[in-house]
Amino acid sequence: MKIKELLENYVCYLESSSNKSKETISAYKYDVSAFITFLKDGQLCKKSIVYYFQSLIKNGYATSSIKRKRISVSLFLDYAKQKKRIRTNFIKDISLNLKNEKRMPRTIPVPIIKRMLNYLYAERNNFGSEYDCFKTNRDLALFDLLITTGIRIGEASAIKISDIDSINRTILIHGKGKKERIVYIPNNGCWANIQNYQRIRGQIACSNDYLFLNKYKKGLGTHSIDLLFKKMMKELHISSIFTPHCLRHTFATNLLSNGGDLRTVQELMGHSSISTTEIYTHVDFKRKKFVLDNFNYRNKI
């Protein structure tokens, strides 16, 4: 069996017997595919693994990315060992000596968020064809939902019509590790955009239950959402440093900045550990500035 065939079997194994989300499985496949491409002779050995991770470090990959790739490759090698393709998981004997890094989450300034919403409303109000009507209402509902709730784009992609509770204005979110949580839509404008899109979507004959559809009447994938976001940023002449995930960072940071408590924000974000949520306290500059302006003893000397 060739190594690429082994990878395909591994992916099928994950899909059928693990509780990992399709986004996680897709990420594993991407990481392992990159690793396999690096192997010139296709041989799984300790030397080739060391060279691969040394190349990642040399090319300036972030520590967090290298750690993620190491986990992905290690799990694949465990599978290869189980299938008797290798005798041992070599990666467990390799020390990479990676530096610990703590990156601050990148947020989008509120004025830019307002420009995004104004752009989406303008597009919705100036549609041409019937498909344009569907698309512009979908995009407005999608990005307003991401802005209003801070959910992951993978979570937005997975929403089904049956997950929406119109009476209580809530949506059942299918998070990482198949953990579910309920998010409430507090903003009247956002809720109206979702309802309006639902009405238009209901006029489309479709065999699946996904809320957000692409032009082929299938669920809108995360890659497509990323491309839509990049197109919007380009139209608005906004820096390409922002990604859809920055909307999630912006949501959490502003909740904490405006008085939200850490535990509640953790639950709203779907974080399994509060330490993940705590990183947003480091970018709460407005609160820090208020404390220092008002309570720093040096100001009274």
Side-chain angles (χ1 to χ4, degrees), residues 1-106 152-155 157-158 175-178 221-227 229-230 240-246 248-249 271-273 275-276 279:
M1 184 188 300
K2 295 182 179 180
I3 190 169
K4 289 186 178 180
E5 292 179 28
L6 185 65
L7 173 58
E8 292 302 321
N9 289 345
Y10 173 60
V11 171
C12 291
Y13 164 75
L14 291 177
E15 291 173 340
S16 62
S17 60
S18 73
N19 64 347
K20 301 186 185 302
S21 68
K22 63 178 182 180
E23 288 78 19
T24 299
I25 294 174
S26 178
Y28 283 171
K29 182 178 180 181
Y30 177 84
D31 288 341
V32 177
S33 294
F35 168 66
I36 290 174
T37 301
F38 180 85
L39 300 178
K40 294 181 180 179
D41 57 3
Q43 294 298 313
L44 290 172
C45 63
K46 186 174 182 178
K47 186 176 181 180
S48 62
I49 294 171
V50 170
Y51 283 162
Y52 174 66
F53 284 101
Q54 284 179 341
S55 73
L56 295 179
I57 296 171
K58 183 179 179 180
N59 290 323
Y61 277 77
T63 298
S64 57
S65 296
I66 297 175
K67 286 181 176 180
R68 189 201 71 228
K69 291 177 183 295
R70 179 180 179 136
I71 291 171
S72 299
V73 174
S74 182
L75 290 172
F76 173 67
L77 294 180
D78 280 339
Y79 179 79
K81 179 183 177 183
Q82 178 186 333
K83 295 299 178 181
K84 303 187 185 305
R85 283 296 307 275
I86 57 176
R87 292 183 178 181
T88 182
N89 184 345
F90 310 106
I91 201 170
K92 294 181 179 180
D93 300 323
I94 298 173
S95 177
L96 299 178
N97 296 319
L98 297 172
K99 295 181 179 179
N100 289 324
E101 60 179 17
K102 200 167 189 178
R103 291 189 173 187
M104 293 297 102
R106 182 176 288 123
R152 303 174 178 92
I153 61 172
E155 294 171 342
S157 174
K176 285 186 174 181
K178 296 189 177 180
T222 55
H223 180 64
S224 295
I225 296 174
D226 186 58
L227 291 177
F229 183 85
K230 288 180 179 177
S240 60
I241 63 171
F242 297 125
T243 68
H245 201 70
C246 292
R248 180 169 167 82
H249 295 325
H271 289 155
S272 57
S273 170
S275 62
T276 306
I279 191 172

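These numbers come from the heavy atoms of this one structure, side chains and all, not from hydrogens, waters or symmetry mates. A quick note: this is a predicted structure, and the numbers were derived from the prediction, not measured. The chain is numbered in sequence order, starting from 1.
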[atom2] on [Y] to [atom1] on [X], rounded to 0.5 Å:
| X | Y | atom1 | atom2 | result |
| --- | --- | --- | --- | --- |
| Lys83 | Asn9 | NZ | CG | 7.5 Å |
| Glu8 | Leu6 | CD | CG | 10.0 Å |
| Ile36 | Lys29 | CD1 | NZ | 10.0 Å |
| Tyr28 | Arg68 | OH | CZ | 10.0 Å |
| Ile153 | His223 | CD1 | NE2 | 10.5 Å |
| Ile57 | Thr63 | CD1 | OG1 | 8.0 Å |

Beyond-backbone contact of [X] with [Y], side-chain heavy atoms, under 4.5 angstrom:
| X | Y | value |
| --- | --- | --- |
| Ser224 | Leu227 | no |
| His245 | Arg106 | no |
| Asp31 | Phe35 | no |
| Leu77 | Val73 | yes |
| Arg87 | Lys81 | no |

For this session: Kindly assign one of parallel, tilted or perpendicular to the pair Tyr79 and Tyr10, based on the angle between their ring planes and the thresholds 30° and 60°.
Result: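 Plane angle between 30° and 60°, so tilted.
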Which heavy-atom pair separates [X] from [Y] by the least distance, and what is that distance?
| X | Y | value |
| --- | --- | --- |
| Gly221 | Ser157 | CA-OG, 3.8 Å |
| Phe38 | Ser48 | CE2-O, 3.9 Å |
| Tyr61 | Ser65 | CD2-CB, 4.5 Å |
| Lys69 | Tyr30 | NZ-CE2, 4.3 Å |
| Ile225 | Pro244 | O-CG, 4.5 Å |

Exercise. Any donor-acceptor pair under 3.5 Å linking the side chain of Asn59 with the backbone of Ser55?
Worked result: yes
Exercise. Would you say Thr37's side chain and Ser33's backbone share a donor-acceptor pair under 3.5 angstrom?
Worked result: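 Such a contact is found between Thr37 side chain and Ser33 backbone.
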Exercise. Cut-off 3.5 Å, side chains only: do Asn89 and Ser74 have a donor facing an acceptor?
Worked result: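 Judged by distance alone, the side chains do pair up.
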